[in-house]
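Everything numeric in this text was worked out from a predicted model, so none of it was measured. Computation of the quantities below employed the complete heavy-atom set of this structure, encompassing side-chain atoms and omitting hydrogens, waters and symmetry-equivalent molecules. Labels below follow one simple rule: chain letters A, B, ... track the order of the sequence lines, proteins then strands, and each chain is numbered from 1.
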Number of protein chains: 2
Amino acid sequence: MQALKYSRQRESIKNFLAGRKDHPTADIVYTELRKTYPNISLGTVYRNLALLTDLGDIQKITAGDGVDRYDANTTPHNHFICRRCKAVLDLDMEDISYIKDIASEKFDGVIESYSVNFYGICPSCKRDLTNE
Amino acid sequence: MQALKYSRQRESIKNFLAGRKDHPTADIVYTELRKTYPNISLGTVYRNLALLTDLGDIQKITAGDGVDRYDANTTPHNHFICRRCKAVLDLDMEDISYIKDIASEKFDGVIESYSVNFYGICPSCKRDLTNE
DNA sequence: GTTTTTGCAAAGTATTTGCAAATGG
DNA sequence: CCATTTGCAAATACTTTGCAAAAAC
């Protein structure tokens, strides 16, 4: 049971995320979709973001600033969070998934996954700071 | 200006954290300190945890489950979060701080720090699951 | 027709904040 | 005394949830 039924709202949330390279919060998704679907509700957005995350269609990012963000890119990659403008960027970097094995070496439990966030100053803010 | 004045509450929060190897939430700190200081308030606990974090005396851990945790151990180390019992454990593992350099290679901004969380099943839950 | 999803509003968490009183230096 | 910190309560921010109506199949 619990078959999945199509919903225009869910579809548009997924498409909206797929078209963004930044990592919108639930509230941004809601505000933007509202332009096309004036009646969509925040609850629906949250429900679908959670469902899509469970399905593995999207990824939830916890950057540590109190708001969760969502990413349609579910291939393994790491994030950078700018401490000045709070932007969350994808990092183009060499694979470091072997850190999972390093962590497992002296650990008696099971390590299934990991998440890395890098923090600092993004390229754009770096420019701003240089020209100040 | 903004000189730091001693406070019994701040001192006890710091000491309480120093005596724990798990990673208590603000609410746990509050509930436990209340046994010694029945009048301490949650606001005071939050204010001091934020202040101590800024001072670098403690570390804030965002595990991704909506509650922040605090750690008196400020030496670089990584955390493991059990998806079954939600325990947050320190990982005894080889240094991986070079991932900062790897991340910097193709990145035009400044990477100042990073945080890694590993997820899976802790040793204790692993035992429980085996004996089920 | 039955089940899932929605919109709306209310409720639930976690955390922050304004302010007068208390405390520290 | 003056500046900082506290306790308290109210406010805020983010997310979840109950329920009747709407949509999907």
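- Comparing the start and finish of the helix from C:dG1-D:dC25 to C:dG25-D:dC1, five pairs each, the helix axis swings through 30°, to the nearest 10 degrees.
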Candidate pair B:Phe80 and A:Phe107, rule ring-ring contact (aromatic ring centres under 6.0 Å, His included), full reasoning: CA-CA 10 Å; B:Phe80 171 88; A:Phe107 185 63; 4.5 Å; yes

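- Looking at residues two or more places apart in sequence or on another chain, you find a side chain to side chain contact (heavy atoms under 4.5 Å, CB included) between A:Asp101 and A:Tyr98.
- Expressed to the nearest 0.5 Å, how far CD1 of A:Ile81 lies from CG of A:Leu89 amounts to 9.0 Å.
- Side-chain N or O atoms of A:His79 include none that pairs as donor or acceptor with a backbone N or O of A:His77 at under 3.5 Å.
- Atom CG of residue A:Leu42 and atom CZ of residue A:Arg47 lie 10.5 Å apart, to the nearest 0.5 angstrom.
- Between B:Asp128 and B:Arg84 there is a salt bridge, with a side-chain nitrogen of the basic residue lying less than 4.0 Å from a carboxylate oxygen of the acidic one.
- Scanning residues 16-46 of chain B for heavy-atom distances under 4.0 Å to DNA chain C yields B:Leu42, B:Gly43, B:Tyr46.
- One atom, CG of A:Leu52, and another, P of D:dT15, lie 16 Å apart when rounded to the nearest Å.
- Remark: C1' of D:dT5 and CG of B:Leu49 are 15 Å apart, rounded to the nearest angstrom.
- Here the P atom of nucleotide C:dT5 and the NZ atom of A:Lys14 are 13 Å apart, to the nearest Å.
- Side-chain contact of A:Asp68 with A:Thr62: a donor-acceptor pair under 3.5 Å is present, judged by distance alone.
- Between the C1' atom of D:dT5 and the CD atom of B:Glu11 lies a distance of 14 Å, rounded to the nearest Å.
- Listed by residue number, the members of residues 60-67 of chain A with any heavy atom below 4.0 angstrom from DNA chain D are A:Gly66, A:Val67.
- Atom CG in A:Asp68 sits roughly 17 Å away from atom P in D:dA13 (whole-Å rounding).
- In terms of hydrophobic clustering, with Ile, Leu, Val, Met, Phe, Trp and Tyr side chains grouped at heavy-atom distances under 4.5 Å, A:Val45 and A:Ile58 are assigned to a common cluster.
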When the side chains of residues 10-19 of chain A are checked against the rest of the protein, which donor-acceptor pairs come out under 3.5 Å, sequence neighbours left out?
residue: A:Arg10; atom: NH1; partner: A:Asn48; partner atom: OD1; Å: 3.2
residue: A:Arg10; atom: NH2; partner: A:Lys5; partner atom: O; Å: 2.3
residue: A:Ser12; atom: OG; partner: A:Arg8; partner atom: O; Å: 3.2
residue: A:Ser12; atom: OG; partner: A:Gln9; partner atom: O; Å: 2.8
residue: A:Lys14; atom: NZ; partner: A:Asp57; partner atom: OD2; Å: 3.4
residue: A:Asn15; atom: ND2; partner: A:Glu11; partner atom: O; Å: 3.3

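- Atom CD of A:Gln9 and atom C1' of D:dA24 are 11 Å apart (whole Å).
- The separation between A:Arg10 atom CZ and C:dT3 atom C1' is 13 Å, rounded to whole Å.
- Spacing between atom CG of B:Asn48 and atom C1' of C:dT17 amounts to 15 Å, rounded to whole angstrom units.
- Within the 3.5 Å criterion, the main-chain N or O of A:Ser97 finds a donor-acceptor partner in the side chain of A:Asp95.
- Under the 3.5 Å distance criterion, the side-chain polar atoms of A:His23 are left unmatched by any main-chain donor or acceptor of A:Arg69.
- Here the side chain of B:Tyr119 pairs a donor or acceptor atom with the backbone of B:Ala63 at under 3.5 angstrom.
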When you check every protein heavy atom under 4.0 Å of nucleotides 18-25 of chain C, what one-letter string (B, S, -) results, 5' to 3'? B-----BS

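- Judged by distance alone, with hydrogens and angles left aside, the side-chain atoms of A:Lys100 form a donor-acceptor pair with the main-chain N or O of A:Glu112 at under 3.5 Å.
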